[in-house]
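First up is the structure itself, then whatever we jot down about it.
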Amino acid sequence: MRTQVVIVGGGPSGLLLGQLLHKAGIESIVLERQSRAHVLGRIRAGVLERGLVDLMGQAGVDTRMKAEGFVHDGTLIAYDNDMFRVDFTAHTDATVLVYGQTEVTRDLYDARDATGGDTRFEVENVVIHDAGTDAPFVTFGENGHSERIDCDFIAGCDGFHGVSRKTIPADVRQEYEKVYPFGWLGILSETPPVNDELIYANSDRGFALCSMRNANLSRYYIQCDTSDDPASWSDDAFWDELRRRIPPQAAEALVTGPSIEKSIAPLRSFVCEPMRWGRLFLCGDAAHIVPPTGAKGLNTAASDVHYLNQGLRQFYGQGDSEGIDRYSERALARVWKTQRFSWWFSTLMHHFPDQTAFDKKMQRAELALLRDSREAQAAMALSYVGLAY
Ligand code: FAD
Ligand code: DHB
């Protein structure tokens with residue numbers, strides 16, 4: 001087989017890139033290790049920046065998103081039983097859209113089907129060969145057979161545990177990492193959201209987040225120990241703990257019900273440099289991970305896809321390699337700013353096991369500054385709605 005771009009990974013990064021390339025007449029084959037149902041069963045991000053929404057529009061995949069997504073122009077921050085609002089439109093010209101990653105992925109699969117895109121599910125042993133040369137190829141197992149695809153480029157969109165990043169030689173790769181000493185226990189429930197805007201809460205018992213997917217689907221998170229097992233958290237125990245961590249008026253308004261999904265995510269900051277090696281380009285979680293506070297994971301994956309799509313269009317359209325040559329530098333410049341925001345917001349909102357009384361005073365002072373200062377709110381709003389590409 002031969003194609004122009006092999007996309008390793010059929011998550012949101014790989015699928016979005018595939019659709020954008022298709023619009024430019026650039027062929028791709030997507031290789032996904034899991035089944036389609038498995039990919040669509042993962043509950044992950046819920047808040048989309050304008051940049052991602054615009055890219056879905058450019059890919060021609062935004063009809064359902066526009067009809068069913070909810071525009072949010074502010075968010076609430078709670079601490080010490082106090083709550084204040086950060087208004088995005090007072091400080092920026094943008095808003096965010098509440099629309100689940102699952103729905104984004106479903107829309108992208110539907111679009112890929114409709115345009116006849118080649119997607120291989122449940123492939124095994126994907127290996128990237130000769131990425132450092134002008135004749136790269138990818139091998140994999142499919143239905144018990146070995147297959148080979150020769151290509152011009154490989155997009156490594158296979159998430160944190162994928163093979164692409166590890167293909168970059170260890171002496172070229174520089175990795176930066178910070179692991180946080182807690183996780184997030186999340187549940188999804190078919191109940192009306194406690195509030196029409198998200199509530200991020202810093203409490204002495206740990207962080208909590210009230211989010212949503214639609215008018216009758218709520219997503220809640222509480223900070224938990226990394227060693228916790230979701231099965232050992234009953235729904236009642238989750239609701240009780242959430243109530244204790246959010247302001248009293250929200251706790252009273254909370255409508256509870258059975259969880260339809262419950263899982264624990266670790267919190268990590270991670271960046272791999274460079275994001276390109278020869279003809280291999282890393283996109284999204286394959287290259288970087290943020291702690292989820294502030295919902296930047298999926299959105300940063302989208303900005304990588306934007307830079308790579310531009311670079312590949314420039315290469316195939318004008319024979320100009322400037323965009324792909326500067327891909328890593330451009331993507332990383334934005335990645336690091338987003339890392340800073342996710343690290344700052346995570347550090348501000350969580351209870352750290354080794355936190356001293358002084359550290360806690362610093363958190364309180366920073367929260368008070370954010371509550372009282374227009375400039376501090378403007379800085380937060382700028383990152384929350386998403387930095388320009
Ligand atoms: P992924 O979504 O990880 O997709 C990679 C794909 O590659 C997967 O489908 C995988 O099966 C496939 N793959 C892996 N290895 C191979 C291989 N060897 N061969 C072929 N295919 C392979 N972000 C937020 O903003 N808010 C959140 O609340 C949030 N919650 C999260 C919860 C969890 C448990 C996780 C893991 C992430 C969460 N994120 C969240 C982050 C966000 O979901 C990711 O940033 C986003 O999914 C990145 O998309 P991606 O396509 O780059 O990677
Ligand atoms: C969601 C997740 C986040 O990390 C966040 O900051 C906001 C919303 C969510 O899953 O809804």
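Both counts, for ligands and for their atoms, begin at 1 and track the order of listing. Just so you know, residue 1 is the first one in the sequence shown, and it goes up from there. Values reported hereafter were calculated over all heavy atoms of this structure, with side chains retained and with hydrogens, waters and symmetry mates removed.
The atoms of ligand 1 that sit less than 4.0 Å from any heavy atom of Gly297 are 25 (O), 45 (O). Each of the following atoms of ligand 2 lies closer than 4.0 Å to a heavy atom of Gly294: 6 (O). Atoms of ligand 1 lying under 4.0 Å from at least one heavy atom of Gly162, given by number and element, are 15 (N). In the vicinity of Val47, heavy-atom distances shorter than 4.0 Å reach the ligand 2 atoms 7 (C), 8 (C). Shown in contact with Gly46 at under 4.0 Å from a heavy atom are these atoms of ligand 2, numbered in order with element: 9 (C), 10 (O), 11 (O). Taking a cut-off of under 4.0 Å to the non-hydrogen atoms of Arg42, the atoms of ligand 1 that pass are 8 (C), 9 (O), 10 (C), 11 (O). Atoms of ligand 1 found under 4.0 Å from any heavy atom of Lys296, numbered from 1 in the order shown, are 25 (O). Near Leu31, meaning under 4.0 Å from any of its heavy atoms, are these atoms of ligand 1: 20 (C), 21 (N). Which parts of ligand 1 touch Gly284 is read off a 4.0 Å heavy-atom cut-off, strictly below it: atoms 52 (O). Taking every heavy atom of Gly159 and a limit of under 4.0 angstrom, the matching atoms of ligand 1 come to 3 (O), 5 (C), 53 (O). In summary, the atoms of ligand 1 found under 4.0 Å from a heavy atom of Cys157, numbered by their order in the structure, are 5 (C), 6 (C), 7 (O).
Of the N and O atoms on the side chains of Asp73 and Thr95, not one donor lies less than 3.5 Å from an acceptor on the other residue. No side-chain donor from either of Thr105 and Asp107 sits under 3.5 Å from a side-chain acceptor of the other. Inspection of the Gln58 and Gln19 side chains reveals no N or O donor paired with an N or O acceptor under 3.5 Å. Side-chain N/O atoms of Asn216 and Glu190 include no donor and acceptor closer than 3.5 Å. In summary, the side chains of Arg148 and Thr139 do not present any donor paired with an acceptor at a separation below 3.5 Å, with no hydrogens or angles considered. There is no side-chain donor-acceptor pair under 3.5 Å between Glu241 and Trp233.
With a 4.5 Å cut-off on side-chain heavy atoms, Val271 and Glu175 do not count as touching. Contact check for His288 versus Asp304: side-chain heavy atoms found under the 4.5 Å cut-off.
Phe160 carries Arg165 over the face of its six-membered ring, with the cationic atom under 6.0 Å from the centre and within 45° of the normal. Annotation: cation-pi geometry satisfied between Lys296 and Tyr384 (NZ/CZ under 6.0 angstrom from ring centroid, within 45° of ring axis). Within the cation-pi definition used here (under 6.0 Å to the ring centroid, within 45° of the axis), Lys178 qualifies as a partner of Tyr180. Geometrically, Arg279 engages Phe153 in a cation-pi contact defined by less than 6.0 Å to the ring centre and at most 45° from the axis.
Protein heavy atom nearest atom 4 (O) of ligand 2, with residue, atom name and distance: Pro292 O, 2.6 Å. Considering only non-hydrogen protein atoms, atom 2 (C) of ligand 2 sits nearest to Tyr221 CE1, 3.8 Å. Atom 21 (N) of ligand 1 has Arg33 N, 3.1 Å as its closest protein atom, hydrogens excluded (heavy atom only). Shortest contact from atom 4 (O) of ligand 1 to any protein heavy atom: Gly11 CA, 3.5 Å. Given atom 7 (C) of ligand 2, the protein heavy atom at minimum distance is Tyr200 OH, 3.2 Å. Looking only at heavy atoms of the protein, atom 23 (N) of ligand 1 is closest to Ala45 CB, 3.5 Å. Given atom 43 (O) of ligand 1, the protein heavy atom at minimum distance is Gln101 OE1, 2.7 Å. Nearest non-hydrogen protein atom to atom 49 (O) of ligand 1 is Pro12 CG, 3.5 Å.
Remark: Asn125 CG is loosely packed, at most 12 non-hydrogen atoms of other residues, nucleotides or ligands lying under 6.0 Å away. For Lys166, the NZ atom sits in a packed shell: over 12 heavy atoms of surrounding residues, nucleotides or ligands are nearer than 6.0 Å.
Between Arg33 and Glu122, none of the side-chain N atoms (NZ, or NE/NH1/NH2) sits under 4.0 Å from a carboxylate O, so this pair counts as no salt bridge.
The N/O atoms of Ser211, backbone and side chain alike, include one that comes under 3.5 Å of an N/O atom in ligand 2. Inclusion of Ser13 in the set of residues having an N or O under 3.5 Å from an N or O of ligand 1 is warranted. Below 3.5 Å of separation, one finds an N or O of Leu298 facing an N or O of ligand 1.
Residue contacts with ligand 2, taken as heavy atom pairs separated by less than 4.0 Å, involve Trp184 solely via side-chain atoms from C-beta onward. With a heavy-atom cut-off of 4.0 Å, Arg44 touches ligand 2 through its backbone alone. Contact annotation for Leu198 and ligand 2: only side-chain heavy atoms (C-beta onward) come within less than 4.0 Å of the ligand. For Ala295, heavy-atom contacts with ligand 2 shorter than 4.0 Å involve the backbone as well as the side chain.
Nearest to atom 48 (C) of ligand 1 by heavy-atom distance, out of Asp285, Val47, Asp304, Ile289, is Asp285. Nearest residue to atom 37 (C) of ligand 1 from Arg44, Glu32, Gln34 is Arg44 (criterion: closest heavy atom). With distances taken over non-hydrogen atoms, the option nearest atom 16 (C) of ligand 1 out of Asp158, Val123, Asn299 is Asp158.
Between Tyr221 and ligand 1 there is a heavy-atom distance shorter than 4.0 Å.
When each of Asp80, Asp82, Asp359 is tested with Arg364 by the rule salt bridge (Lys or Arg N to Asp or Glu O under 4.0 Å), just one qualifies, namely Asp80.
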